[in-house]
2 protein chains.
Amino acid sequence: MKPKIAHATLHDVAELAGVSHQTVSRVINDSPRVSENTRQRVLEAIQQLNYQPNHTARALATRRSLTLEIVTFGVGYYGPAQMMGGVERAAKARGYRLFFSNLDRLTYADMRETVEDLKRQQVEGVVLIAPVRSVLYEELIKERNNIPVVQLATQKDVTFPSIIIDQHLGSRLATQHLIDTGHSSIAAISGPLHWNDAAARHEGWLDTLQDNHLNPVNWTEGDWSAASGYRAAHELIDHGAKFTALVIANDQMALGAILALRERGLRIPEDVSIVGFDDIPEASFFDPPLTTIRQDFSTLGEQSVEYLVEIIADPQSAAGQRVLTPRLILRKSHR
Amino acid sequence: MKPKIAHATLHDVAELAGVSHQTVSRVINDSPRVSENTRQRVLEAIQQLNYQPNHTARALATRRSLTLEIVTFGVGYYGPAQMMGGVERAAKARGYRLFFSNLDRLTYADMRETVEDLKRQQVEGVVLIAPVRSVLYEELIKERNNIPVVQLATQKDVTFPSIIIDQHLGSRLATQHLIDTGHSSIAAISGPLHWNDAAARHEGWLDTLQDNHLNPVNWTEGDWSAASGYRAAHELIDHGAKFTALVIANDQMALGAILALRERGLRIPEDVSIVGFDDIPEASFFDPPLTTIRQDFSTLGEQSVEYLVEIIADPQSAAGQRVLTPRLILRKSHR
DNA sequence: AATAATCATGTGAACGTTCACATATAAGTT
DNA sequence: AACTTATATGTGAACGTTCACATGATTATT
């Protein structure tokens, strides 16, 4: 019995219910200013026509889109993917829809494109996953037509709205634990240092060694991949580095390094202790199970939406950086 | 010198350039029907006012939103995350924006919510990552207000527009290879069987054994996680299963299984051969490097957008299922 | 030189909502 | 009984575009 009107409008419903379009509008917006009697009649008409409010028209009229955008760099990576999940969940809970935009490369053209898009989009706020050091982000922030932006995984102590996990602290936790358990030759495999988290973790390692009057033995830079961890570990040994422990900037590289060390006849943890970062779900099943610094990326994503919503409600409340704390998870890759 | 009008409109630009709004509209839409002279004048005004066309208004007037939606189940998993990346890339290349919606649980309420949202959204098409067997998807498809939908990772031989990777074939590739290299006791750890890919892989394994007149030795079901692979391998042995090879439905479970087997004193590949599925980037750095069936999820995502765009252009062209082929990648976890 | 065709521009009404009012009826106060 | 107040509804103009058409100026055709 459902008349198949392509898309019923407010007016179609009004006509069928014998009221004005405004009354229908009141019904769908839960206005108290409408009698129970007519409300029922309208509801029935809505049902009968399978009416759904047109979001576009509504956005145009109210000048509110109820839409957020997430701009991410590298969906392929574990961290960003987890953050996205968190952002989506929180956005949905708050009644916002989510545009999704990924940057594969941080080129000027791609960034430009993204900025222009943002301006056209009628978006109420942006979660920017900005894990890499780049002036392009600043450009985006400046040119964004006053749309609130919350940055994730950016640099520490930055003054604009942002949330980070304290990587320096995380690295300190890892390194200090190794020192406390008797190690004094602690090498490192860092992430790509133009990534904020990689840089912070690296400095945390350096600072902790310094505080304990230890020399930074040796380190190399990887690219987050297991392949690069494998190469890095081999390199370290090739260059004659002596170490009894290894701080590795993420779990994937740790996996690669474990394989390399084994190839070199080194046992873990007997000959070298390892601690990683992230605590990916697989980390417990490395051989040996990996001691690592857990990052709650998903919560990070959720909180970014909370923050954003606060700013949207009151732009004055846009105040600085919030910081989450990582946690050392002890398993069997160290002693 | 830039006057900071919150949002300049077509009319603001028209006034400044001394033309009608329609002329400005022509300019921004690259209509040939405008003299070079006035085009310049308009362009200048646009620049000066920092004008950006309002996407919402345009969508309302043209009844085209230039927006696609991706509905996914489990961003946390490797496959879906990769597909998303592909979808985003292709959508952007085609000039479409992308709404992102994730389902954490396949409950009626969540699905209902998603369907209602779709109807309101003014979206031109939907990529539905539907890796799990559920009637709820059918509901979504039926009630979608005639919006084109392309399903990914759904069941084989289904008649609506969809793209899958041939998991049955993949499993056949894996199992047959083991048989060809001399194995006759081939056990399996499957994924959760209500997942389409898991079911297809499982059947592929069964069918291949049957074709070769071998008995399916034994198998257990995991949940894709490394933890479940670990448990499953232990279980298999606890139950007295005898096998010289193991087909494991994804690489993460393979990782867990490898650890379990080693704990039981079994060497890989000397005592048991292993082949996984997916070829996650870490698979080369398992110990031993994992032989596995590579899935090109990212291409799958891209192609879904191509298909969707075809359907949008010509709804008649919505025809059936397209199939991609997986590939066996030989490494060192078998012999 | 007159007529037709082309080009450059303008005008007003859509698109489907909400917003700011205006109006009519009912109920409450003095 | 007259006057205020509250309640239920309707009216027309926004929102910022595009669309369909109308107009006037230029150029081409016979």
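This is a predicted model, so every value here is computed, not measured.
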Between the two ends of the helix from C/dA2-D/dT29 to C/dT30-D/dA1, what is the bend in degrees, rounded to 10 degrees, where each end axis spans five pairs? 50°
Below 30° counts as parallel, above 60° as perpendicular, anything between as tilted: where do the rings of B/His21 and B/His11 land? parallel
Matching residue for B/Thr56 among A/His55, A/Gln121, A/Gln122 - test: side-chain contact (heavy atoms from CB on, under 4.5 Å): A/Gln122
Is it true that B/Asp117 and A/Arg97 make a salt bridge, defined as a side-chain N closer than 4.0 Å to a carboxylate O? no
Can a side chain N or O of A/Ser35 be found less than 4.0 Å away from OP1 or OP2 on D/dT9? yes
Comparing nearest nucleotides in DNA chain D, the 5'-proximal residue of the pair A/His21, A/Pro32 is A/Pro32
Are B/Phe99 and A/Phe99, when compared by the centres of their aromatic rings, separated by less than 6.0 Å? yes
In whole angstrom, give the distance that lies between atom CD of A/Gln22 and atom P of D/dT7. 18 Å
Return the 5'-most residue of the pair B/Arg41, B/Arg63 with respect to DNA chain C, ranking by each residue's nearest nucleotide. B/Arg41
Nearest-nucleotide comparison on DNA chain C, the residue closer to the 5′ end among B/Thr23 and B/Thr62: B/Thr23
Students should find that the nucleotides of DNA chain C closing off the region near chain A, any atom under 4.0 angstrom from a heavy atom, are C/dG16 to C/dA20
How long is the straight-line distance from OG of A/Ser101 back to CD of A/Glu113, given to the nearest 0.5 Å? 8.5 Å
What nucleic acid atoms does B/Arg58 come within less than 4.0 Å of, heavy atoms only: base, sugar-phosphate, or nothing? sugar-phosphate
For atom CD of B/Glu310, is the number of surrounding heavy atoms from other residues, nucleotides or ligands below 6.0 Å larger than 12? yes
What is the nucleic acid contact for A/Thr38, judged by heavy atoms within less than 4.0 Å: base, sugar-phosphate only, or nothing? sugar-phosphate
Please name the residue in the list B/Val71, B/Leu308, B/Val126 that meets the side-chain contact (heavy atoms from CB on, under 4.5 Å) test with B/Val149. B/Val126
Could you give all pairs that pass the side chain to side chain donor-acceptor pair (under 3.5 Å) test and reach residues 150-160 of chain A, with sequence neighbours left out? A/Lys156-A/Asp166
